[in-house]
Amino acid sequence: MSRFERIVVVGGSLAGMNVIQELRRLGNSGGITLIGEEKVRSPYDRTELSKKLLTGSSDPDDLYLLTEEEIDELDLDLRLGRRATSLSLDPSRHTVTLDDGTVLEFDALVVATGSRARRPAFMGHLAGVHVLRTLPDALALRTELNSARDVVVVGAGFIGAEVAASVRTRGQSVTLVDPQPTPLGTVLGAIVGSHFADLHTSHGTDLELGVGVQELMGDGRVNGVRLTDGRILPADLVVVGVGGAPVTEWLDGSGVEVDNGVLCDDGGHTNVPGIYAVGDAARWYSDYFGAQVRSEHWNNATLQATVVAENLIAGTKRSTLSAVPSFWSDQFRKRTQMVGCPLPTDQVRFMSGAPGEERFVALYGRDDRVTGVVSFNSPRGLSKYQHLVTARASWSEAIGSA
Ligand SMILES: Cc1cc2nc3c(=O)[nH]c(=O)nc-3n(C[C@H](O)[C@H](O)[C@H](O)COP(=O)(O)OP(=O)(O)OC[C@H]3O[C@@H](n4cnc5c(N)ncnc54)[C@H](O)[C@@H]3O)c2cc1C
């Protein structure tokens with residue numbers, strides 16, 4: 001049982017549903033209301049939207065994370081297709097208001113409202129211009145890809161690079177545009193980023209790097225992308241992948257502290273008793289970094305969910321998150337994995353393999369500390385070195401012993 005009788009979870013995707021599943025697994029049988037804006041039969045694997053769903057090797061049915069029976073067993077008051085619009089913290093009554101006017105009282109609240117795709121001003125409102133965050137986004141993009149000739153992907157971060165790889169895997173032409181000199185450069189740095197530039201080029205992606213987007217052109221429908229150097233790329237389909245922003249505006253004015261995500265301690269607790277936040281919408285204190293960080297990755301959402309469920313059951317901060325950030329990305333059927341949070345300017349040492357090879361493991365370091373490990377097509381290599389990141393091992397000793 002939880003100290004809190006009425007728990008409301010806002011956001012019914014990975015993080016929110018994991019909190020609920022963990023609460024039930026730990027024996028909670030109290031009332032749980034789930035408010036979810038997406039009207040889907042189950043949370044789905046968002047990570048495959050840019051990968052298997054786009055290439056056509058998966059369909060929506062393959063992505064659902066729970067069966068209808070599993071959801072029924074959780075015994076929830078389900079409010080799907082409903083959006084929380086505001087939060088009121090009157091001392092006598094804490095309530096969430098929904099977009100249909102319903103007011104729900106709660107003893108504990110979990111904010112799990114995730115991120116939305118950023119929409120830079122140049123996007124405008126032309127047809128044929130897409131972002132990728134939700135299943136409907138992905139299905140609309142996949143449908144339009146069927147008849148697209150000139151695809152331009154703006155943003156060579158992980159989602160943009162994955163979309164470009166999926167378009168090439170479908171056998172269609174694609175140009176990837178980014179102001180950085182390499183794909184993934186802001187995360188992985190120039191040396192490893194160059195490997196991804198070569199990987200894309202060798203699979204036929206056209207790269208336009210070191211140049212930004214001035215405007216999208218067209219009359220009703222997009223027909224070109226004007227770059228900041230004045231050149232125009234023909235385009236009948238544009239995908240903009242320039243990062244995500246936390247969905248927190250419904251908390252404005254409530255008293256819950258928000259600054260690029262809901263600010264939390266290392267147990268997921270906000271500044272308001274009984275209110276927690278998890279996943280992409282949350283910015284937890286990390287002992288590892290000595291700061292509050294927001295991590296938009298699958299593993300982070302599930303780990304935080306477990307911690308919050310344990311703390312909801314205990315009614316105090318029983319658990320904290322000590323894990324170091326980690327994520328994966330799949331491009332051209334090769335998996336890249338990363339543990340840690342290196343800066344692009346960190347030193348890089350290849351512990352096995354090298355850029356351009358079939359597989360490699362790269363260690364990152366700064367100020368004589370190991371800050372991250374990145375493996376390309378080498379899960380065993382990652383396992384071998386990730387403890388150095390967790391332990392903040394000495395960089396000189398780590399590379400000296402290699
Ligand atoms: C295309 C794509 C590919 C990705 N690939 C990878 C990958 O390879 N590896 C990796 O580690 N991570 C990847 N990620 C990131 C990963 O999917 C996210 O970290 C994860 O989905 C976060 O889960 P979440 O529940 O916090 O947020 P979300 O999944 O964003 O869910 C938030 C939910 O809250 C709902 N919501 C929002 N506002 C309200 C409101 N006011 N009221 C009610 N409901 C609301 C939303 O509709 C949504 O259903 C990818 C993400 C995308 C978009």
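Remember, it's 1-based here, ligands and their atoms both numbered in the order they're listed.
If you check the side chains of T201 and D198, you find no donor sitting under 3.5 Å from an acceptor. A donor-acceptor contact closer than 3.5 angstrom is absent between the side chains of T85 and D99. A donor-acceptor contact closer than 3.5 angstrom is absent between the side chains of E48 and S58.
The minimum heavy-atom distance linking A138 with L54 is given by the pair O-CD1, 4.1 Å.
Considering only heavy atoms from C-beta on, R335 stays 4.5 Å or farther from P379 through its side chain.
If you look at R83 next to ligand 1, the close heavy atoms, those under 4.0 Å, come from the backbone and the side chain alike. With a 4.0 Å cut-off on non-hydrogen atoms, T113 touches ligand 1 through its backbone as well as its side chain. Residue contacts with ligand 1, taken as heavy atom pairs separated by less than 4.0 Å, do not involve A117 at all. Within the 4.0 Å heavy-atom criterion, the part of R82 lying near ligand 1 is the backbone and not the side chain. Contacts between T47 and ligand 1 below 4.0 angstrom, taking non-hydrogen atoms only, involve backbone and side chain alike. Residue D280 touches ligand 1 through backbone and side chain together, judged by heavy-atom distances below 4.0 Å. For S115, every heavy-atom contact with ligand 1 shorter than 4.0 Å involves the backbone, none the side chain.
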>> Set out, in order, the CA-CA distance, both residues' side-chain angles and the distance that settles side-chain contact (heavy atoms from CB on, under 4.5 Å) for V192 and L184, then state yes or no.
In response: CA-CA 8 Å; V192 176; L184 313 174; over 6 Å; no

>> Run the side chain to side chain donor-acceptor pair (under 3.5 Å) test on E162 and S329 for me, step by step, so that the C-alpha distance in whole Å, both residues' side-chain angles and the decisive distance to 0.1 Å come before the verdict.
In response: CA-CA 8 Å; E162 286 183 355; S329 170; 2.7 Å; yes

> Can L14 and R46 be said to form a side-chain contact (heavy atoms from CB on, under 4.5 Å), step by step?
Replying inline: CA-CA 9 Å; L14 181 68; R46 215 174 281 283; over 6 Å; no

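Within the listing of ligand 1, atoms 23 (O), 25 (O) sit less than 4.0 angstrom from a heavy atom of L14. Of all the atoms in ligand 1, the ones that sit under 4.0 Å from a non-hydrogen atom of G279 are 26 (O). Of all atoms in ligand 1, listed by their number and element, those nearer than 4.0 Å to a heavy atom of E296 are 15 (C), 19 (O).
The protein heavy-atom contact nearest to atom 31 (O) of ligand 1 is S13 CB, 2.9 Å. Closest to atom 12 (N) of ligand 1 among all protein heavy atoms lies W298 N, 3.5 Å. The protein heavy atom nearest to atom 27 (O) of ligand 1 is G114 CA, 3.3 Å. Shortest contact from atom 49 (O) of ligand 1 to any protein heavy atom: E38 OE1, 2.5 Å. Given atom 7 (C) of ligand 1, the protein heavy atom at minimum distance is W328 O, 3.3 Å. Distance from atom 8 (O) of ligand 1 to its nearest protein heavy atom, with residue and atom name: K51 NZ, 2.6 Å. The protein heavy atom nearest to atom 1 (C) of ligand 1 is S50 OG, 3.6 Å. G11 CA, 4.0 Å is the protein heavy atom nearest to atom 35 (C) of ligand 1.
In this pair, H297 and F327 present their aromatic rings parallel. The plane angle is below 30°, not in the 30 to 60° band. Classified by interplanar angle (parallel below 30°, tilted 30° to 60°, perpendicular above 60°), the ring pair H203/F332 is parallel.
For atom 51 (C) of ligand 1, the candidate residues are I159, N18, V96; the nearest heavy-atom contact is made by I159. In this comparison of R46, K39, E37, the heavy atom closest to atom 43 (C) of ligand 1 sits on E37.
For the ligand labelled ligand 1, residue A112 lies inside the 4.0 Å heavy-atom shell. By the 4.0 Å heavy-atom criterion, V10 is counted among the residues contacting ligand 1.
Checking only distances, V247 never comes within under 3.5 Å of ligand 1, N or O to N or O. In terms of polar-atom proximity, H297 is counted as a contact of ligand 1, with an N or O under 3.5 Å from an N or O of the ligand. Residue A15 places at least one N or O, backbone or side chain, under 3.5 Å from an N or O of ligand 1.
Going from atom CD1 of I275 over to atom CG of L251 covers 8.0 Å, rounded to the nearest 0.5 Å. With values rounded to the nearest 0.5 angstrom, L23 atom CG is found 5.0 Å from I32 atom CD1.
Each of V240, V238, L237 was scored for a side-chain contact (heavy atoms from CB on, under 4.5 Å) with H130, with one residue passing: L237. Among the candidates T102, D100, L34, the single residue satisfying the side-chain contact (heavy atoms from CB on, under 4.5 Å) test with R79 is T102. Between F196 and the choices L188, T205, T182, L176, the side-chain contact (heavy atoms from CB on, under 4.5 Å) rule is met once, by L188.
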